[in-house]
Colleague: 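Once you've had a glance at the structure underneath, I'll fire off some questions.
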Amino acid sequence: MAIMITDECINCGACEPECPNTAIYEGGVEWKWSDGTDLKEVEMEDGSVVDATAQQEPVSDEFYYIVSGKCTECTGFHEEPQCAAVCPVDCCVDDPDYVETEEELTAKKEWLHV
């Protein structure tokens, strides 16, 4: 399961530097699949292929957000999600829309970091 940041976020930024996949961004900031990864291109669910260095629209304009496609819950890096460990208001929580097994998270980590 990927992690998400709720609207209780106080925009402190403590979570962003802790993410080993560079999956956390400040609200309103565009993101790239290639940020902090080895990706060159990404095949989307609809079969289209995107350049990993292309800017993507922010997931949130108001507060820090996590790109679920890049979140591995720190699998392969740490024992627990580091964003949740450092969040002072406990707004980094499981995202019920992206449920993944340990095996899926490990495969995602390997895909992100070839």
Side-chain angles (χ1 to χ4, degrees):
M1 178 174 290
I3 303 296
M4 61 182 265
I5 298 175
T6 68
D7 59 4
E8 295 169 355
C9 177
I10 60 172
N11 288 314
C12 71
C15 56
E16 186 180 21
E18 299 302 320
C19 182
N21 301 313
T22 314
I24 303 175
Y25 296 85
E26 185 176 356
V29 173
E30 293 182 333
W31 63 278
K32 297 184 286 189
W33 286 101
S34 63
D35 291 340
T37 73
D38 295 324
L39 299 174
K40 304 292 184 234
E41 59 183 26
V42 178
E43 184 175 345
M44 306 306 288
E45 289 180 6
D46 66 3
S48 63
V49 176
V50 244
D51 178 354
T53 63
Q55 296 284 348
Q56 305 295 316
E57 291 295 315
V59 173
S60 171
D61 288 326
E62 299 174 30
F63 47 85
Y64 278 81
Y65 64 89
I66 298 175
V67 176
S68 56
K70 293 176 68 175
C71 178
T72 63
E73 293 184 41
C74 295
T75 297
F77 295 102
H78 304 286
E79 293 294 317
E80 64 181 344
Q82 295 301 286
C83 57
V86 300
C87 182
V89 292
D90 297 324
C91 67
C92 296
V93 299
D94 290 341
D95 187 340
D97 292 335
Y98 295 95
V99 178
E100 297 167 299
T101 65
E102 186 80 23
E103 292 78 22
E104 289 170 321
L105 291 169
T106 300
K108 188 193 293 186
K109 186 249 185 202
E110 292 171 3
W111 170 69
L112 290 167
H113 305 282
V114 178

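Every heavy atom of this structure was used, including side-chain atoms; hydrogens, water molecules and symmetry mates were not. Counting begins at 1 with the first residue of the sequence.
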Colleague: Which word best sums up how the rings of Tyr25 and Tyr65 line up, parallel for under 30°, tilted for 30 to 60°, or perpendicular for over 60°?
Modeller: parallel
Colleague: Does Gln82 use its side chain to pair, donor to acceptor, with the backbone of Glu80 at less than 3.5 Å?
Modeller: yes
Colleague: When rounded to the nearest 0.5 angstrom, what distance separates CD in Glu100 from SG in Cys71?
Modeller: 7.5 Å
Colleague: Side chains of Cys12 and Pro88, heavy atoms from C-beta outward: is any pair under 4.5 Å?
Modeller: yes
Colleague: How many angstroms lie between atom CG of Asp95 and atom CD1 of Ile5, to the nearest 0.5 angstrom?
Modeller: 11.0 Å
Colleague: Quick check on the hydrophobic clustering: are Tyr98 and Trp33 connected, directly or via other members, by side-chain heavy-atom contacts under 4.5 Å?
Modeller: no
Colleague: In this structure, which one of Leu39, Thr72, Asn21 forms a side-chain contact (heavy atoms from CB on, under 4.5 Å) with His113?
Modeller: Asn21
Colleague: Is a side-chain donor or acceptor of Lys70 paired with a backbone partner of Lys32 at a separation under 3.5 angstrom?
Modeller: yes
Colleague: Taking a hydrophobic cluster as the set of Ile, Leu, Val, Met, Phe, Trp and Tyr residues connected by side-chain heavy atoms closer than 4.5 Å, whether directly or through intermediates, do Val93 and Val99 fall within one such cluster?
Modeller: no
Colleague: What is the distance from atom CD of Glu57 to atom CD of Glu30, rounded to the nearest 0.5 Å?
Modeller: 5.5 Å
Colleague: Can you tell me how far OG of Ser48 sits from CD of Glu41, rounded to the nearest 0.5 angstrom?
Modeller: 11.0 Å
Colleague: Starting at CD of Glu16, measure out to SG of Cys83 and round the result to the nearest 0.5 Å.
Modeller: 12.0 Å
